Amino acid sequence: MKDAINTVLAMKEFELTDIEPIYIRVGHHNNNIYVDLCNSNREVIEITNNGWKIIKENVPIKFYRPSSLKPLPNPRQGKNTELFNELFSVKNDDMILFISFLMKCFIPFGAEPLLVLQGGQGTGKTTLSTMIKKTVDPSFEDIRSLPKNEVDLYISAQNSRLLCFDNLSGISDEMADCLCKVATGGAITKRKLFTDDEESVLSAKRPQILNGIDYIPKRADLQDRSIILHLPRIPDDKRGDEKAIWNKFYELQPYILGVLFDLVSNALSHYDSIKLSKTPRMADFAKWGATLDISIGLDRGTFLTAYTKNRQQAINEATEQDVLAYTLLNCLHVEKQLKGNSTFIISKLMRFVPDYIKDGNKPLVTPNKFKDEVQRIMPLLEANGVAYDFKRSGHERTHFFALKS
């Protein structure tokens, strides 16, 4: 009886009636941003629209520190964004997109972008990925292989602010869906251990880095959330030894953080005044990025122009990578429009499929999967000026495709 009473009292005492969020590395309160340096002094960076400072006491939010996290150095001022050209092997016309990703890693509002680093051997993909991870969210294992399933991905997200996956050679459709969910915010449930009817919930919204030689974001929804940077090959006479590279990085790391925190503070100050001439899919990210025009002193619209160009290049490449989208566009450039059920349209498309599909006697898509596949590639079709409509009347299913004038 005493054990039962004590159990009930304990359950009542620890009943969750006032839930507070906890954060890993980056959190927010009253429109201010807080960055946990994870050092032994428990110092936190407070970023407001008037600047930033280091605080130890009266931090208004709670941080969770997994054992894998490593400390960030105390940031220092005195440098500007020219610093990034000294250290990071990114093309000049891509640098504003690169800086926008780094800045957004410290802004916990809105959807999080994926940074995709593409390049062959000798482009420094792994080194650059590691540098970004150490700049934003250093840990005992900075980069890792892509998890095998959704549960492992969400577990990784419970222990890091920035997820960094190295040397990818292909992503399954299921894993692409998982990466998209983590970028925009998602959750999964699983049965609690040793219980029959209780669930545990894992939720996460994290920025991510993917790198590889092969084209990574082949699915339209993943490409739609990505900044894709093609890294130039580093000439042999420009390639430094690893020790010198990392010595320079650790020397400049405090200044890099100082510049990024200045940019975040300016972004908080100017975000509400930003008006985009057109609204892309990742609208919140685009507005945060557009604050760089003011912070860095660029012409208005510079970021949005670079971002729009990057997205169009990604759309073109993703269209070439997707056989159905590529075939539909080729067909429409000849036929101008297509109308009929899925079997009829597939028969039309088979005249335009690549030779390896014909030679292998492989179906482009089965009729029962046609509508689902069209929905999957709709962002690519719309970006290429294709209008699509679907109507159902009794047993009839009619698809209509046309190139917009």
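Reckoned from all heavy atoms, side chains included, excluding hydrogens, waters and symmetry mates. This one's a predicted model, so the numbers in the text were calculated from it and none came from an experiment.
Salt-bridge check for Arg65 with Asp36: passed, with a basic side-chain N closer than 4.0 Å to an acidic carboxylate O. We find that Arg376 and Glu373 are joined by a salt bridge, their nearest charged nitrogen and carboxylate oxygen being less than 4.0 Å apart.
Among residue pairs with one or both ends in residues 71-96, none qualify as salt bridge (Lys or Arg N to Asp or Glu O under 4.0 Å); sequence neighbours excluded. Under the salt bridge (Lys or Arg N to Asp or Glu O under 4.0 Å) criterion, the residue pairs touching residues 263-292 are Asp224-Arg281, with sequence neighbours excluded. For residues 21-35, the set of pairs meeting the side chain to side chain donor-acceptor pair (under 3.5 Å) definition, not counting sequence neighbours, comprises Arg25-Asp137, Tyr34-Glu46.
If you check the side chains of Asp214 and Ser169, you find no donor sitting under 3.5 Å from an acceptor. With hydrogens and angles left out, the side-chain atoms of Asn368 and Thr366 include a donor and acceptor closer than 3.5 Å. Side-chain atoms of Thr319 and Asn384 form a donor-acceptor pair, as typed in the model, at a separation below 3.5 Å. In this structure, a donor-acceptor pair under 3.5 Å is present between the side chains of Asn316 and Gln312.
Taking the six-membered ring for Trp and thresholds of 30 and 60 degrees, Tyr388 and Phe401 have ring planes inclined between 30 and 60 degrees apart.
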Between side-chain atoms of residues 175-182 and protein atoms elsewhere (two or more places apart, or another chain), which donor-acceptor pairs fall under 3.5 Å?
from: Asp177; atom 1: OD1; to: Arg219; atom 2: NH2; distance (Å): 3.4
from: Lys181; atom 1: NZ; to: Glu150; atom 2: OE2; distance (Å): 2.6

- Task: Report the C-alpha separation of Asn211 and Ser129 in whole Å, then their side-chain angles, then the decisive distance to 0.1 Å, and conclude whether the side chain to side chain donor-acceptor pair (under 3.5 Å) test is met.
- Result: CA-CA 8 Å; Asn211 78 54; Ser129 299; 2.9 Å; yes
- Between Phe165 and Leu163, is a side-chain contact (heavy atoms from CB on, under 4.5 Å) present by the stated rule, with each step listed? CA-CA 7 Å; Phe165 303 120; Leu163 302 178; 3.9 Å; yes
- ring pair (Phe, Tyr, Trp, His ring centres under 6.0 Å) assessment of Trp288 paired with Phe285: CA-CA 5 Å; Trp288 289 115; Phe285 168 69; 9.9 Å; no
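Looking at residues two or more places apart in sequence or on another chain, you find a salt bridge (charged side-chain N to carboxylate O under 4.0 Å, His left out) between Asp142 and Lys134. The side chain to side chain donor-acceptor pair (under 3.5 Å) test applied to Arg233 returns no partner, not counting sequence neighbours.
Put simply, the side chain of Ser160 never gets that close to the backbone of Ala157: no donor and acceptor are under 3.5 Å apart.
Ring centroids of Phe98 and Phe88 are separated by less than 6.0 Å, placing the two rings close together.
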